[in-house]
Protein chains: 2
Amino acid sequence: MLRLSKLTDYATVILSFMAKDKAQVLAAMEIASMTGIAQPTVSKILKLLVNANVLISTRGAKGGYALARMPEEISVATVISALEGPIALTECSISHQGCEQASGCDIRGNWSLINQTIHNALESVTLADLIRPVALPEEVFIPVANIYR
Amino acid sequence: MLRLSKLTDYATVILSFMAKDKAQVLAAMEIASMTGIAQPTVSKILKLLVNANVLISTRGAKGGYALARMPEEISVATVISALEGPIALTECSISHQGCEQASGCDIRGNWSLINQTIHNALESVTLADLIRPVALPEEVFIPVANIYR
DNA sequence: ATTAAATAGGACTAAAATGGTCCTCAATTA
DNA sequence: TAATTGAGGACCATTTTAGTCCTATTTAAT
């Protein structure tokens, strides 16, 4: 489905919450209770975001997590790769190693163009964009079956 | 990793092969031996592509599969959704049903913009583009660890 | 100093998705 | 009628993902 993992989805919810909250430092437990996501899961996600330099953590009592920079400076691409690793549609996009043996492999080189396009799209959207309220048009409910045609 | 499934990857290889081959109709077994992909797997993929109206099948002796239309008319988006279902990064992109209870859900509406962008990117690339030989720059080998930064 | 509150790091388990194979039925040609 | 080929779906093994938990480390407050 070319879909994001659940954890990535949670991460955007958590980050959006943090970006909107005026408090600078929030403990994992606070975030968990505010977002309704289980605390161990929240902690797991926060750790990954710290490793990716999206968040800064403070240990010890009164510790917690804070955004490492302004929401405008945090792209969706960064968040996705923090949770899921590099954004690459095919294995070949990471490295062409060992692809030469497949008879159709020369074709796949063109995937890099597609990858680049998608990466650019995700890079251009920031956390600030995500929290900006959009007037969504009236929701139209479409049964999933219909989407498959 | 936001990556395509292996089957989708195979599908592009198979379709590229078919687009380049002058024969109009190819049996699953022929395709399997030419591409090096196991025959049962090839069959599975071909069936999915028929259901998505990307291929046309002919049963019986001398039967096989042929492209339903010109390579220029077959988008990568079509191929991906044939194999993996609708292209939607988040569940909410398919339907917002039941999202209202989450405190951060109003944020996710903006995902639809991202989805649209990516969908457009994939829609704009066709099978014809995939088989067009590209002069790929000298491959630079980057250890995966470095990509994670 | 000691205690309590937090994060860091990683092991572990259960559930879900994926990849891959196989079997039976239907259609077509020779 | 026999041989060839696709249709459809069941099935299983493997991998991935989600989620939890445990132990160590760090810091603040008393």
Side-chain angles (χ1 to χ4, degrees), chain A residues 1-14 18 23-33 35-68 80 82-85 88-91 148, chain B residues 1-14 18 23-33 35-68 80 82-86 88-91:
Chain A
M1 285 206 222
L2 192 74
R3 75 178 196 295
L4 272 58
S5 74
K6 232 170 166 183
L7 291 189
T8 305
D9 200 3
Y10 290 162
T12 63
V13 173
I14 290 171
M18 292 179 75
Q24 291 302 320
V25 174
L26 291 167
M29 237 180 60
E30 296 179 273
I31 296 172
S33 64
T35 59
I37 304 168
Q39 189 268 322
T41 302
V42 168
S43 284
K44 185 179 196 170
I45 293 166
L46 292 172
K47 288 173 202 167
L48 289 169
L49 291 171
V50 167
N51 289 341
N53 299 310
V54 172
L55 295 180
I56 288 174
S57 67
T58 327
R59 283 192 175 193
K62 305 263 175 175
Y65 298 89
L67 295 182
I80 293 176
L83 276 288
E84 316 190 16
L89 295 185
T90 60
E91 296 301 329
Y148 281 89
Chain B
M1 287 202 220
L2 193 72
R3 75 179 197 293
L4 271 56
S5 75
K6 234 170 168 181
L7 291 190
T8 305
D9 199 4
Y10 290 162
T12 64
V13 172
I14 290 171
M18 293 180 76
Q24 292 303 321
V25 174
L26 291 167
M29 237 179 61
E30 296 179 271
I31 296 173
S33 63
T35 59
I37 305 168
Q39 189 269 321
T41 303
V42 168
S43 285
K44 184 178 195 169
I45 294 166
L46 293 172
K47 288 172 203 168
L48 289 169
L49 291 171
V50 168
N51 288 341
N53 298 309
V54 171
L55 296 180
I56 288 173
S57 68
T58 329
R59 283 189 177 194
K62 306 263 176 173
Y65 297 88
L67 295 182
I80 293 176
L83 275 287
E84 315 190 16
L89 296 186
T90 60
E91 296 300 329

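Lettering of chains follows the sequences in order, A, B, ..., and the numbering in each one begins at 1.
The NZ atom of A:Lys44 sits 14 Å away from the C1' atom of D:dC22 (whole-angstrom rounding). Protein atom CE of B:Met29 is 9 Å distant from nucleotide atom P of D:dG6, rounded to whole Å. Separating the CD1 atom of B:Ile56 from the C1' atom of D:dG6 is a distance of 14 Å, rounded to the nearest angstrom. Atom pair B:Glu30:CD and D:dT5:C1' shows a separation of 11 Å (rounding to whole Å applied). In this entry the distance linking CD of B:Glu84 with C1' of C:dA16 reads 16 Å, nearest Å. With rounding to whole Å, B:Leu83 atom CG is found 9 Å from C:dG19 atom P. The CG atom of B:Leu46 sits 15 Å away from the C1' atom of C:dG20 (whole-angstrom rounding). The CD1-C1' distance, from A:Ile14 to D:dG19, rounds to 13 Å in whole Å.
Comparing D:dA18, C:dG20, D:dT27 against the side chain of A:Leu7 picks out D:dA18 as the nearest. Relative to the side chain of B:Tyr10, the nucleotides C:dA8, D:dT17, C:dG20 differ in distance, and C:dG20 lies closest. Taking every side-chain heavy atom of B:Ala27 into account, D:dG6 is the closest of C:dG20, C:dA8, D:dG6. The B:Ala38 side chain lies nearest to C:dT21 when the options are C:dT21, D:dG19, C:dT7. Among D:dA28, C:dA30, D:dA7, the nucleotide with an atom closest to any side-chain atom of B:Lys62 is C:dA30. You'll find that the side chain of B:Arg3 is closest to D:dT17, out of C:dA8, D:dA18, D:dT17. Side-chain proximity of B:Pro40 to the nucleotides D:dG8, C:dT21, C:dG20 is greatest for C:dT21. Side chain of A:Thr41, nearest nucleotide from D:dG19, C:dT18, D:dG6: D:dG19. Nearest to the side chain of A:Asn51, among D:dG6, C:dG19, C:dG9, sits C:dG9.
Within the nucleic acid shown, B:Lys6 comes within 4.0 Å of sugar-phosphate atoms alone, with no base atom in reach, counting heavy atoms only. At the heavy-atom level, A:Ser43 lies nowhere under 4.0 Å from the strands shown.
The side-chain heavy atoms of A:Val54 and A:Leu48, taken from C-beta on, include no pair separated by under 4.5 Å. The closest side-chain heavy-atom distance from B:Ile56 to B:Val50 is not below 4.5 Å. Proximity of B:Leu49 to B:Leu83: side-chain heavy atoms (C-beta onward) are separated by under 4.5 Å at one or more points. For the pair B:Tyr65/B:Lys47, a side-chain contact is recorded, criterion being any heavy-atom separation below 4.5 Å from C-beta on.
At C:dT7, none of the side-chain N or O atoms of A:Thr58 fall inside 4.0 Å of OP1 or OP2 (strictly under the cut-off). An OP1 or OP2 oxygen of D:dA18 is reached within less than 4.0 angstrom by a side-chain nitrogen or oxygen of A:Ser5.
Heavy-atom neighbours of B:Gln39 CD from other residues, nucleotides or ligands within 6.0 Å: above the threshold of 12.
Both B:Gln39 and A:Arg59 lie close to DNA chain D; mapped to their nearest nucleotides by heavy-atom distance, the more 5′-ward contact belongs to B:Gln39. Closest-nucleotide positions on DNA chain D for B:Tyr65 and A:Lys47 were compared, and the one nearer the 5' end corresponds to B:Tyr65.
The closest donor-acceptor contact from the side chain of B:Glu84 to the backbone of B:Leu4 lies at 3.5 Å or more, if one exists at all.
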